[in-house]
Amino acid sequence: MSWTTQQALEYWQKKGLLTAKKAQELRSALSDDTHMSEHGMPRAVSIFATIGAILVGLGILLFIGSHWTNMTPLLRILVLLGGYCTVALSALATEKRGWGRTSEALWLLTDIVFGANIMLLAQIFHYSLTYWQGPFLWMIGTLAMGYARQERVHAYLAVPLGILALGWIDSGPGWFMGGQMEFLGSSNNILPVLSLLGMALIFSSILTKTTARWDFLSEAMQRYGMILAIIPVLISTIDISIPQEMFSMGGTLKQYIIIVCTYGLSALVFWKGMVVRSELKAYTLTALVLFGILLLQRGGQSIVGYTLDTNPLLYFLYVLVVFAFSLWGVWLGMLIQSAKMFNIGIFATAVIIVIQYFSWTFILLDKSLAFILGGILLIVMTIFIEKKRRSVLSSFDS
Amino acid sequence: MNKSLKLALALQVVIMISVFIPPLLTKATGTEVYLETERVDPRALVRGDYVALSYPITNKVPLEIARKAFDEGKMVYVTVSLDRPAKYISASLEKPKITEGQACLSAKADQAISWDNTVRVTFPQIAQFFVPEGTGKDIEQDLSNMVATAVTTKSCNAVLLSLDYL
C-alpha cells in the first residue's frame with residue numbers, strides 16, 4: 001500500500017511521532033511554488049510525454065515509409081536526417097526552457113527516430129530482412145543517449161534491441177510469415193539458451209548497479225532478465241514434448257558464446273561478492289544448475305528433454321521441480337523484501353497452476369464436474385493469491 | 001549541452017551515415033549485373049512491403065560446394081557474366097579474381113540442403129526488394145518475367161538497384 005502525504009502525516013501524529021505544528025510546517029513546505037514547479041505531477045507528465053514520444057515515433061516511421069515512393073534515394077536520406085535534427089533540436093530547446101520531463105521524452109523520441117532512420121536507410125538500399133546490424137547500431141546509439149541523459153527509459157529500449165540483434169545474427173534470410181522471428185523458434189538460434197540469456201542480463205544488472213554512470217541500465221536488465229529466465233521454463237511445463245523441442249541445441253557458436261558469457265558473468269558476480277545473502281546465492285546457483293542441466297546434449301538432442309518425453313512420471317516430477325522453484329522465488333521475494341522477485345514468483349506459480357489445470361481437464365474432458373470444480377478452484381486461488389500479494393507488498397512499502 | 005550528450009548525438013549521426021555510405025560507394029564504383037528472378041512473399045517487420053527474391057542462377061552452384069560452405073559456415077562466391085540476364089560462370093569458397101565481362105556475388109548456403117538434395121543458395125545482400133505499400137502482390141504475378149539489376153564490387157558485395165521486365 002502506498003501512503004499519501006496527508007495519510008502519513010496523520011498517522012505519525014496519531015503515533016505521537018510528529019507534533020501538529022511540525023506536520024503543518026511539512027504540509028506548507030510541499031505546497032511551496034518552487035517545489036511544485038520542480039516536482040509537481042512528475043510521474044503523470046513523464047508517462048504522457050513518453051507515450052506521446054513513442055506515438056510520434058511510430059507515426060513518423062509509418063508516414064515516411066508509406067509516402068516516399070517518388071523520392072530519390074538522396075532526397076530520402078535528407079528527409080530522414082532532417083527529421084532527426086528537428087527532433088534533437090526540439091529536445092535541446094525544451095531542455096533550455098527548463099521543461100525537464102518534456103525534454104526527456106523528446107530525447108527518447110530522438111532515439112526512436114534514430115532507430116527508424118537506420119531501418120529506413122536499410123530499406124532504401126534493400127538490406128537483408130534480418131539485418132542484425134540495424135538493431136545492434138540502434139542499441140549502441142540508444143545506450144550512448146541513456147548514458148548521456150542518465151535516464152532508465154533508454155535502457156528499456158536498448159535491451160530488447162540487443163536481444164533482437166543477437167537473434168538476427170546468422171539467422172535465416174527472414175522470408176515468409178514470421179521469418180524475422182525465427183530466432184525465437186529455432187534450435188540453432190537463441191531459443192534453447194533464452195533462460196541463460198536472462199540470467200546473463202540479471203548478472204549484468206548486478207554489475208552495472210555498482211557503477212554510478214551505468215546504473216540507468218540496471219533496472220531494465222533485471223526486469224527483462226527475470227522474464228527471459230522464467231518464461232521458457234514455464235512454457236516447457238505445457239506439454240511433455242516441449243522440453244525436448246525447446247532445449248535441443250544445434251550447437252552453434254552463438255549458443256556457446258551465450259553459455260560461456262553467462263557462467264563467466266555469474267563467476268565474476270560471485271567472486272566479487274556482489275550477491276551477499278546466502279539464500280539469494282543458493283537460489284541463483286540452483287537456477288544456473290537447472291538451466292545448465294536442461295542444455296546437456298547428446299546427438300543434437302537435449303538429454304533431459306528426451307528423457308522427459310519418454311517418461312511421463314519424470315515429466316510430472318519436472319513440473320513439480322519448476323513449481324517448487326517458483327514457490328521458492330515467492331518465499332525469497334518476501335525474505336529479501338523484493339517486490340519484483342515476489343511478483344515474478346507469484347506470476348510463475350499462478351501460470352503453472354493454470355497450465356496444469358488445463359492439462360488435467362483435457363484428460364478428464366468427459367467429466368464436466370472437473371471443469372466446474374477446477375473453475376471454482378482457480379477463482380478461489382486467484383482471489384487468495386491477489387489478497388496475499390497485496391498484503392505482502394503493502395508490508396514492504398510501510 | 002554537456003560533453004556526453006554531444007558525444008551521444010555525434011555517435012548517432014555517425015552511425016546513420018555509416019549505414020548509407022557503403023551502399024552508395026558500391027553503387028558509385030560497382031559493376032551492373034542483371035539476374036533473373038523467381039519467388040515472392042510480401043511484408044517485413046518494421047520496414048513495410050517487400051518482394052522476396054530468389055535467383056534461378058543459384059541452382060547452378062554445385063552441391064558439394066554448397067554443402068561444404070554450409071558445414072564450414074563459409075560464404076560461396078558466385079561468378080556471373082554481365083549479360084542480360086546474367087549467365088553462371090563458376091562458384092568457389094574463395095573470392096574469385098574477376099576478369100573483363102564478369103562480376104561476382106556473395107552467396108550463403110542455407111539449411112535446406114540437409115533435407116532436400118537440391119542446392120539451396122541465396123544472395124543475402126540482394127534477397128529482397130522493398131516496394132511501395134500494397135504493390136508486393138502485383139509484382140508477385142510477374143516475377144518469373146523479371147530481372148533484378150544489382151551493382152557488385154570486386155569484393156563481391158552487391159546492392160539492388162531495380163526490378164524490371166526482361
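Every heavy atom of this structure was used, including side-chain atoms; hydrogens, water molecules and symmetry mates were not. Proteins come first, then strands; the chains are lettered A, B, ... in the order of their sequence lines, and each starts at number 1.
The closest side-chain heavy-atom distance from Phe20(B) to Leu80(A) is not below 4.5 Å. For the pair His126(A)/Leu161(B), no side-chain contact is recorded, criterion being any heavy-atom separation below 4.5 Å from C-beta on.
Under the side-chain contact (heavy atoms from CB on, under 4.5 Å) rule, Val19(B) has a single partner from Ile118(A), Ile77(A), Ile124(A), which is Ile118(A).
In this structure, the separation between CG on Asp111(A) and CD on Gln12(B) is 5.0 Å, given to the nearest 0.5 Å. For the atom pair Trp107(A) CH2 and Leu5(B) CG, the distance stands at 4.5 Å (nearest 0.5 Å). The CZ atom of Phe114(A) sits 10.5 Å away from atom CG of Leu9(B), with the distance rounded to the nearest 0.5 Å.
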Test side-chain contact (heavy atoms from CB on, under 4.5 Å) applied to Trp138(A) and Ile15(B), step by step: CA-CA 8 Å; Trp138(A) 190 352; Ile15(B) 285 174; over 6 Å; no

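With chain B as the partner, the residue from Leu137(A), Ile140(A), Thr110(A) showing the most heavy-atom pairs under 4.5 Å is Leu137(A).
Listed in order of number, the residues of residues 91-104 of chain B that approach chain A to under 4.5 Å between heavy atoms amount to none.
Applying the salt bridge (charged side-chain N to carboxylate O under 4.0 Å, His left out) test to pairs two or more places apart or on separate chains, those with a residue in residues 81-99 of chain A are Glu95(A)-Arg149(A).
Contact annotation for Leu11(B): only side-chain heavy atoms (C-beta onward) come within less than 4.5 Å of a heavy atom of chain A. With a 4.5 Å cut-off on non-hydrogen atoms, Pro124(B) touches chain A through its backbone but not through its side chain. For Lys27(B), the part lying near chain A is the side chain, with the backbone staying farther off; criterion is any non-hydrogen pair under 4.5 Å.
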